[in-house]
Structure formats: C-alpha cells, structure tokens
Asks: 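Have a look at the structure that comes next, please.
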Amino acid sequence: MDWLKRVDVWCFGRGRPESMGLLRVLCGFFVFTNLLVMGTDLMNYFGQKGFVSGETMARWLAYPSNKIFYGSSLEMTLPFSMPRISVIGPNSSDTWVVTVWVCSLILSLCFMLGFKARFTGVLLALGMTSLHLRNPLIIHAGDSLLRLFVIYLALGHSSAAFSLDRLFEARRGLAQRAVSLWPQRLIQIQIAICYVLTAWWKWTGSTWVDGTATWYSSQLHEFDRFPVPDFVKQQPFVGLTTYGTLLVEVALGTLVFYPPARKWVLLSGIALHSYIEYSFNIPFFATTIVSGYIAFYQGEEVAGWLHRFKDRWLKRGTLTSDAASEV
C-alpha cells in the first residue's frame, strides 16, 4: 500500500508556506479591488431599491442546494444540502449593506497583508458570500473561485510567509515553520475540477463538438474589450481555437499534475486566459484563475524564484551604481 502512503503525504504532508503566502497576497488584492469596483454602484447592486429586489433574490436561490447543474441534463443530487450562510437578508437595510461592504474591504486588506489571516479570512469569506448571495445575478465563475480560494487559504497557515504575522514572529526570534499543505492541495484539486467539468460540459453541446463555438462567443459584443482581427473569427481559426480550448482545459485538469508537463500546461493556460482577458471584459476572471496556478508549485520553488529575482535586481542595481560612479 505504498501508493496510499504517497497519496496521504501528498494531501496532508507539510512543507514551506511560500506558495500559499504569495497566493494569499494576490487573492487579498483581487478581493479588495473587486469590492472597490462593486462599490462604484453599490446600492444598485445590493440596495433595497437596486436592480435585484430581495424577493427576486429569494426566488432565484429557491432551488435545492443539494443539486449540482440544476435543471440541466447533467443534474446530480448530493446526499446532503449545502447551507447558505449570509448576514444580508432580503430585507436588510442599505446602511447594513454598506457596513458589510466596508468591513469586507478592511478584512481584505488585513488578509492580503497577512494580519491574523485565518481569522480575517473566515470573516472575509462570510462578507463575500453575503454580498454574492444578495445579488447572485452579477456573479461569474471568477467571483466564485476567488471566494473559494479565500476559504481554502483561511483554513491553512497562509500567513506563515509574506505577512505581518510572519514579521512579528521573526522579531520574536521564531524560525519559519513548515505548514500543512492540504489547503494548497484543495486549491489544486479545485482548479482541476473546474477545467475538467468545463470541458465535459462543453462537450455535451453541439457547437464545441463541430468546432464553431468560439465564433458564437465572439459575437457577444456586450463583452467586447479590445479589437480582435477578423480572421480570428473565421475558419480555420475558429476550429483551432475551439478544439484548442478543449485540449488546454483537459490538460489543465490532468497533465498539470505530471511534473515534466506542468510548466507547458500552465503556460498554455496563461496564453488561453490572456486572450480571454484581452478580448472579453470579464473582470477578475483570468487574473483569479491564473493566480491559482501558483498552488501547483512547492514553497521551495516559489522561494527559489524570489531569491533569483532578488539577486538579479541587486546585481542590476550594483551595475547601475558602478556606471553612475564612472560617469
């Protein structure tokens, strides 16, 4: 049963926290900026007289929480129901909505800086969930994934690196400790599930099978961001981008766990999401899921990147100083 031991070590082993620490910083920043964007039209999004009334919200969320892919051909029923936890109700006042939003902003900064990250992360997840449930019609997959990342990181010791908590420990003379890596593994598995289910879902339709799907998405002009050449919207490029997207998504859910292929699979994912980010105005979707790629690297690898970057930066600074002194 050696393979079971290896699986156990992979899931619940301990290691350096740099990967989770860096991901915590990025997630906290994305939550903060996302909340700021929502704040530009806060009352229309979440207020009592906003676009979505409390009654509409309650009706939208009336479907059973133990259903997955509810109402589709892939509908599945879980043996348990998922609770919907929210501090914002259908009849909550505008003042309370603003209070939850402001508190979530402050918590996102604390989480990003790594100040009591487990505690602030749990409260931040509650604030995000409450706002998302108040108006689920404006939430996309990037928002949901970002919320899950915060929950997973709050369950672990993500503040053991790149944080105020770690700075305070260092000042007390405490050495950096190894941490449980299972929250990082949860993020890896979550990303893989997202890609595999996305590819599976697409393959059940007709346009992805016949190689025309990306043409239809290019006609959704309400999402237009920057101009895309016309030849990209025509065959054979439509077929290449359609089937290429499916191949990349399958690889990101499977081959990404194979170390020799990891770098190339993640680079293909970055290329895919860079194109989506360029052509479609879907705020924080690409940045959120690409930042999650960090979870596929060990803390030692992230620490190595930072040390090499620091050495190059210092070397560049030394060369610049020497050149200036010669002048």
Side-chain angles (χ1 to χ4, degrees), residues 8-36 102-128 146-191 259 262-263 266 287-288 290-321:
D8 180 70
V9 170
W10 183 83
C11 291
F12 304 108
R14 303 179 70 83
R16 296 185 58 159
E18 281 83 357
S19 294
M20 287 193 292
L22 181 57
L23 184 54
R24 188 207 71 250
V25 173
L26 292 174
C27 286
F29 174 75
F30 294 147
V31 173
F32 179 76
T33 51
N34 198 357
L35 288 170
L36 283 181
V102 171
C103 290
S104 298
L105 269 178
I106 296 172
L107 289 167
S108 66
L109 285 176
C110 293
F111 186 71
M112 178 181 69
L113 296 174
F115 178 70
K116 305 296 182 184
R118 300 189 79 173
F119 177 71
T120 57
V122 170
L123 294 181
L124 175 60
L126 176 60
M128 294 174 68
L146 186 59
R147 184 179 67 246
L148 288 172
F149 284 177
V150 170
I151 293 172
Y152 295 150
L153 291 169
L155 295 175
H157 293 282
S158 63
S159 62
F162 312 129
S163 66
L164 292 177
D165 289 350
R166 173 59 198 146
L167 179 62
F168 298 151
E169 289 179 353
R171 287 184 175 179
R172 296 199 303 269
L174 299 177
Q176 189 180 60
R177 65 189 184 278
V179 300
S180 174
L181 297 178
W182 73 272
Q184 183 176 337
R185 304 307 184 207
L186 287 176
I187 293 173
Q188 293 179 8
I189 295 170
Q190 180 69 66
I191 292 174
R262 179 184 58 181
K263 179 178 72 172
L266 294 179
T287 51
T288 296
V290 169
S291 67
Y293 291 176
I294 296 170
F296 290 98
Y297 288 90
Q298 300 304 313
E300 294 83 356
E301 294 174 294
V302 173
W305 299 343
L306 297 177
H307 284 146
R308 287 193 294 273
F309 177 79
K310 180 181 178 181
D311 291 342
R312 291 175 182 175
W313 183 265
L314 292 175
K315 183 178 180 180
R316 179 182 177 184
T318 302
L319 293 175
T320 303
S321 299

Asks: Is any side-chain heavy atom of L266 closer than 4.5 Å to a side-chain heavy atom of F296?
Replies: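 Yes, side chains in contact.
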
Asks: Would you compute the distance between atom CE of M112 and atom CG of L164 and round it to the nearest 0.5 angstrom?
Replies: 9.5 Å

Asks: Would you say L146 and M128 make side-chain contact, with heavy atoms under 4.5 Å?
Replies: yes

Asks: If I take atom SG from residue C103 and atom CG from residue L126, how far apart are they, to the nearest 0.5 angstrom?
Replies: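 Going from SG on C103 over to CG on L126, the span is 10.5 Å.
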
Asks: Not counting sequence neighbours, which residues clear side-chain contact (heavy atoms from CB on, under 4.5 Å) with V122? List them please.
Replies: A154

Asks: Applying ring pair (Phe, Tyr, Trp, His ring centres under 6.0 Å), can you list everything that pairs with F29, at least two apart in sequence or on another chain?
Replies: none

Asks: Name all pairs fulfilling the salt bridge (charged side-chain N to carboxylate O under 4.0 Å, His left out) condition that reach into residues 294-309, sequence neighbours left out, sorted by first residue then second.
Replies: R262-E301

Asks: Looking at S180 and R14, what are the two nearest heavy atoms and their distance?
Replies: N-NH1, 3.9 Å

Asks: As an exercise, state the distance from OG1 of T120 to CZ of F111, rounded to the nearest 0.5 Å.
Replies: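 Answer for the OG1-CZ pair, T120 versus F111, is 6.5 Å.
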
Asks: Only pairs at least two apart or in different chains count here, so list each salt bridge (charged side-chain N to carboxylate O under 4.0 Å, His left out) that has a residue in residues 174-188.
Replies: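 Every salt bridge (charged side-chain N to carboxylate O under 4.0 Å, His left out) pair that includes a residue of residues 174-188, provided the two are not neighbours, is E169-R177.
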
Asks: Taking side-chain contact (heavy atoms from CB on, under 4.5 Å) as the definition, give me every residue that meets it alongside I187, ordered by chain and number, with sequence neighbours left out.
Replies: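 Only L23, F149, Y152, L153, I191, A295 meet the side-chain contact (heavy atoms from CB on, under 4.5 Å) criterion with I187.
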
Asks: Name all pairs fulfilling the salt bridge (charged side-chain N to carboxylate O under 4.0 Å, His left out) condition that reach into residues 115-125, sequence neighbours left out, sorted by first residue then second.
Replies: none

Asks: Kindly write out the residues that satisfy ring pair (Phe, Tyr, Trp, His ring centres under 6.0 Å) with Y293, not counting sequence neighbours, or none if the list is empty.
Replies: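 For Y293 there are no ring pair (Phe, Tyr, Trp, His ring centres under 6.0 Å) partners, ignoring immediate neighbours.
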
Asks: Sequence neighbours excluded, which residues qualify as ring pair (Phe, Tyr, Trp, His ring centres under 6.0 Å) partners of W182?
Replies: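 Residues passing ring pair (Phe, Tyr, Trp, His ring centres under 6.0 Å) with W182: none at all.
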
Asks: Search all heavy atoms of L124 against all heavy atoms of S104 and return the closest pair with its distance.
Replies: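 Taking every non-hydrogen atom into account, CD1-O, 3.5 Å.
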
Asks: So, taking the atom named CZ in F30 and the one named SG in C27, what distance separates them when rounded to the nearest 0.5 Å?
Replies: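 Reported value, rounded in 0.5 Å steps: 7.5 Å.
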
Asks: Quick one: are Q190 and L186 in side-chain contact, heavy atoms under 4.5 Å?
Replies: no

Asks: Please round to the nearest 0.5 Å and tell me the distance separating atom CZ of F32 and atom CG of L107.
Replies: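 Rounded to the nearest 0.5 Å, the CZ-CG separation comes to 12.0 Å.
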
Asks: For residues S108 and V31, report the shortest heavy-atom separation together with the two atoms involved.
Replies: CB-CG1, 3.8 Å

Asks: Under the rule for side-chain contact (heavy atoms from CB on, under 4.5 Å), what residues qualify as partners of V302, not counting sequence neighbours?
Replies: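 For V302 the side-chain contact (heavy atoms from CB on, under 4.5 Å) partners, ignoring immediate neighbours, are E18, S19, L22, I294, Y297, W305, L306.
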
Asks: Which residues satisfy the side-chain hydrogen bond (donor to acceptor under 3.5 Å, both in side chains) test with S159, sequence neighbours excluded?
Replies: D165

Asks: Would you please name every residue forming a side-chain hydrogen bond (donor to acceptor under 3.5 Å, both in side chains) with Q184, sequence neighbours left out?
Replies: none

Asks: How close do P17 and H157 get, counting heavy atoms only, and between which atoms?
Replies: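 So the two residues come closest at CB-O, 4.4 Å.
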
Asks: Closest heavy-atom contact between R16 and L181?
Replies: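 Closest pair (atom of R16, atom of L181, distance): O-CD2, 3.9 Å.
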
